[in-house]
Amino acid sequence: MRKVEAEFLKDLNPAQREAVETIYGPLLVIAGAGSGKTRTLVCRLAYLVERGIPSEKILLLTFTRRAAREMIDRASSLLQRDVNKITGGTFHSLCNLMLRQYGSLIGYNSNFTLLDRGDSEDLLNLLKTSLGLSDRKKRFPKKDTLATIYSKSINQLRSVEEIVSSEYPQFLEYLPEIQRLFAEYVAYKREHQLMDYDDLLLNWLKILKEFPYVRKDVGARFQFIMVDEYQDTNTLQGEIIKYMAEDHQNVMVVGDDSQSIYGFRGANYRNIFEFPKLFPNTKIIKLEQNYRSTQPILDLANVIIANSKIKYTKTLFTLKKEGEKPVFLRPKDEAEASIFIADKILELREKGLKLSQMAVLFRSAFHSYELEIELTKRGIPFVKYGGLKLLESAHVKDVISFLKIILNPKDFLAWNRILLLMEGIGPRTAEKIINLLKEEPLSFSFPRILSLSASRKLKSFLDLYMQFRPYSERPSEILSRIWEYYEPLFQRIYYEDYNRRVKDIEGLFSLAERFETLDEFLSELLLEPIEITDYEKEDIDEAPLILSTIHSAKGLEWHTVFIISLIEGRFPSFHSLENEEELEEERRLFYVAVTRAREKLYLISPLMVYLPGEGKVFAKPSRFIKEIPPSLYREISINGKKSFISSFQEKSKEDTTYGSSPFKVGDLVRHPHFGEGEVLEVSGDKIKVNFVNKGPTLLHLKYTNLERL
DNA sequence: CCGTACAATGTTTTT
DNA sequence: CATTGTACGG
């Protein structure tokens with residue numbers, strides 16, 4: 001026993017070792033990118049077990065379930081013993097688990113239904129209609145705006161009023177209606193056993209706060225708590241930890257303030273500094289040695305973060321002094337960039353590098369569209385992380401709705417979706433049917449509200465539905481019977497692209513095979529959404545290339561990394577340009593992207609990009625590139641066509657980013673919301689206007705309807 | 001009140 | 001570009 005312990009501890013540096021061996025009391029580890037954070041966590045898991053802590057007393061919270069699974073597996077192999085009784089997962093999955101058990105304390109059954117983002121939006125829309133808010137002459141916020149406002153208010157602990165007035169002033173006049181709608185939303189969820197993502201955190205926290213005995217219970221159940229990626233947790237999650245560790249204080253959190261990239265979800269890099277306030281006597285350990293990247297890559301990364309307005313806590317160093325400089329290039333457009341990347345990837349593969357050791361990273365999922373086309377054309381297998389999830393597609397949601405009503409007959413949101421699939425039943429009729437279902441669950445006597453054919457259709461569905469109650473079959477069996485019913489409807493509705501969509505259904509089927517019970521299957525699907533390309537990797541005999549949003553690439557590393565679409569407006573995204581906090585988050589995002597690379601790094605800024613509606617336009621390289629001293633990278637041109645490229649460079653002047661501005665300083669303009677004003681400044685696609693009623697305001701020409709007077 | 005055909009609209013990041 | 005809203009005929 002001693003021997004094994006010595007063996008895995010001796011690979012650690014002193015700081016890591018201290019983090020592993022400090023097992024009692026609150027501990028904060030500030031761990032830079034590539035500083036062996038995961039190794040430290042894995043060793044600590046193993047060490048705890050080695051010290052005789054029963055593995056079921058350990059709780060490990062990470063940003064994906066996959067990450068938790070991997071760490072637990074690695075700890076197992078370190079110990080050569082199974083430690084899979086460790087509870088591992090995300091905050092949301094933990095809350096889900098706890099609420100299934102303790103939810104009754106606040107009026108929830110153990111079979112409550114989870115709403116994903118789309119479900120929440122649908123519900124908000126439903127309520128919006130029934131409150132008569134949809135047919136106003138003036139525009140009421142749309143469902144996704146409503147969902148965003150609501151979720152922000154929960155996760156950032158800000159009032160709806162505050163959010164609307166600071167970020168959506170155009171809807172301020174509707175504030176009372178919006179608040180009423182949200183009240184209805186909350187009541188509806190409660191009444192129908194529904195919880196959205198935010199409710200998972202909110203309700204579990206509520207129980208912890210209100211029931212001291214629950215805190216005792218869970219404290220005894222999870223005596224050692226570890227939290228990864230703490231910089232991306234929000235106040236709510238911090239509070240949850242505070243209560244869960246109240247009794248024993250054995251809680252270790254690991255994070256890196258310079259890698260905080262989930263501000264939009266209520267996370268704040270400052271949270272990490274709040275931790276010692278939640279837990280007095282916190283011990284702090286810093287990990288600053290980087291084991292991942294070469295010095296040239298790290299030099300670039302350090303400059304990016306040093307240019308930040310915010311002072312971060314550490315500077316990374318490495319012993320891997322040798323290495324190639326990162327490469328910067330400006331292809332003429334995305335097509336040329338894609339060809340370059342595909343060529344380079346094949347070239348590296350020739351040299352023996354596996355496809356799975358290379359990754360292409362980008363700010364937003366759609367930035368890789370052109371590349372995907374090129375890769376497909378060349379037959380280079382890839383998986384894409386980020387972007388559309390399997391269960392976000394309409395046809396999959398249809399199928400899921402069937403499962404939902406089997407599990408929770410009160411899920412009228414799912415009922416609604418199913419009813420609308422039937423020919424002859426529209427929103428009004430569906431509403432009527434649901435009202436009947438509410439009063440007298442599953443009565444078959446539908447008065448004359450339906451046409452004969454519609455009522456037959458409904459009847460045949462209800463007959464089928466009754467066969468599933470009580471449900472006992474395995475999810476895959478239930479699914480195949482649902483498919484029998486649904487397939488004809490599916491054919492009618494999605495006639496256009498039947499083949500494409502049916503593949504998703506097949507994916508869903510093969511996924512279902514892995515589950516024993518329906519609620520497991522559904523929870524899993526919502527808490528760890530499946531990527532749409534993930535199940536498609538059929539009979540590929542080679543581990544595929546990775547395409548990923550930077551957000552989804554968190555915590556991962558590759559030999560070679562390509563970062564594409566490094567142009568103003570895309571990265572940094574134009575959503576963040578007006579807000580310094582958000583711009584800083586974009587910078588951290590770039591930092592995260594760069595530090596994923598071990599040996600080779602390619603930074604790519606196309607000279608022209610295609611914008612919907614505007615065609616091909618010139619693009620400025622990202623400001624994050626411009627501020628890096630050219631000595632830190634090597635700029636190359638494609639096929640020696642330097643002259644061609646620089647001729648474009650000449651034309652690409654400061655203000656030509658997204659087409660030039662039709663306004664000049666001094667112009668008098670009118671804005672639909674803000675009224676009249678005078679143009680103060682024009683730069684690129686941004687314009688500063690001094691409005692009579694509002695004062696100086698920065699606007700985006702691309703999204704503003706300004707009228708010259 | 002349903003279904004369809006057409007226009008508008010506004011595009012991050014995720015549990 | 002694909003989703004979401006609107007207009008209209010059945």
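Convention: sequence-line order gives letters A, B, ...; per-chain numbering from 1. These numbers come from the heavy atoms of this one structure, side chains and all, not from hydrogens, waters or symmetry mates.
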A side-chain contact here means heavy atoms from C-beta on lying under 4.5 Å apart; do A:Leu375 and A:Leu547 qualify? yes
Report all interatomic pairs (protein N or O, nucleotide N or O of nucleotides 12-14 of chain B) with separations under 3.5 Å.
{"from": "B:dT12", "atom 1": "O2", "to": "A:Arg363", "atom 2": "NH1", "distance (Å)": "2.6"}
{"from": "B:dT12", "atom 1": "O2", "to": "A:Arg363", "atom 2": "NH2", "distance (Å)": "2.3"}
{"from": "B:dT13", "atom 1": "OP1", "to": "A:Ala365", "atom 2": "N", "distance (Å)": "2.7"}
{"from": "B:dT13", "atom 1": "O4'", "to": "A:Arg363", "atom 2": "NH2", "distance (Å)": "3.1"}
{"from": "B:dT13", "atom 1": "O2", "to": "A:Arg363", "atom 2": "NH2", "distance (Å)": "2.7"}
{"from": "B:dT14", "atom 1": "OP1", "to": "A:Thr549", "atom 2": "OG1", "distance (Å)": "3.2"}
{"from": "B:dT14", "atom 1": "OP1", "to": "A:Ser552", "atom 2": "OG", "distance (Å)": "3.0"}

Between A:Arg428 and A:Tyr197, whichever has its closest DNA chain B nucleotide further toward 5' is A:Arg428
What's the separation between atom CD1 in A:Ile425 and atom NZ in A:Lys432, rounded to the nearest 0.5 Å? 11.5 Å
Quiz question: by atom type and distance under 3.5 Å, do the side chains of A:Asn111 and A:Asn408 form a donor-acceptor pair? no
Would you say C:dG5 has OP1 or OP2 under 4.0 Å from some side-chain N or O of A:Lys142? no
Starting from P on B:dT11, measure out to NZ on A:Lys143 and report it in whole angstrom. 14 Å
For residues A:His551 and A:Phe264, establish whether the separation of their ring centroids is below 6.0 Å. yes
Those residues at least two apart in sequence (or on a different chain) that pass ring-ring contact (aromatic ring centres under 6.0 Å, His included) with A:Tyr269 are none
Atom C1', compared across C:dT4 and B:dT13: separation rounded to whole Å: 22 Å
What integer distance in Å separates A:Trp204:CH2 from B:dT15:C1'? 18 Å
Whole-Å distance, A:Asp144 CG to C:dA2 C1', equals 13 Å
Among residues at least two apart in sequence or on other chains, which ones pass ring-ring contact (aromatic ring centres under 6.0 Å, His included) with A:Tyr168? none
Under the ring-ring contact (aromatic ring centres under 6.0 Å, His included) test, residues paired with A:Tyr486 that sit two or more places apart: A:Phe402, A:Trp483, A:Phe490
So which protein N/O to nucleotides 8-10 of chain C N/O distances come out below 3.5 Å?
none

Compare all side-chain heavy atoms of A:Phe91 with those of A:Ile241 and state whether any distance is below 4.5 angstrom. yes
Rounded to whole angstrom units, what separation is found between the CG atom of A:Leu420 and the P atom of B:dG3? 9 Å
Throw together a table of side-chain donor-acceptor distances under 3.5 angstrom for residues 588-596 of chain A, partners on residues two or more places apart or in other chains.
{"from": "A:Arg588", "atom 1": "NE", "to": "A:Ser260", "atom 2": "O", "distance (Å)": "2.6"}
{"from": "A:Arg588", "atom 1": "NH1", "to": "A:Tyr312", "atom 2": "OH", "distance (Å)": "2.9"}
{"from": "A:Arg588", "atom 1": "NH2", "to": "A:Ser260", "atom 2": "O", "distance (Å)": "3.4"}
{"from": "A:Arg588", "atom 1": "NH2", "to": "A:Glu585", "atom 2": "OE1", "distance (Å)": "3.4"}
{"from": "A:Thr595", "atom 1": "OG1", "to": "A:Tyr591", "atom 2": "O", "distance (Å)": "2.9"}
{"from": "A:Thr595", "atom 1": "OG1", "to": "A:Val592", "atom 2": "O", "distance (Å)": "3.0"}
{"from": "A:Arg596", "atom 1": "NE", "to": "A:Val592", "atom 2": "O", "distance (Å)": "2.8"}
{"from": "A:Arg596", "atom 1": "NH1", "to": "A:Leu556", "atom 2": "O", "distance (Å)": "3.0"}
{"from": "A:Arg596", "atom 1": "NH2", "to": "A:Gln259", "atom 2": "OE1", "distance (Å)": "3.1"}

Would you mind reading off the distance between A:Glu423 atom CD and B:dC2 atom C1', rounded to a whole angstrom? 10 Å
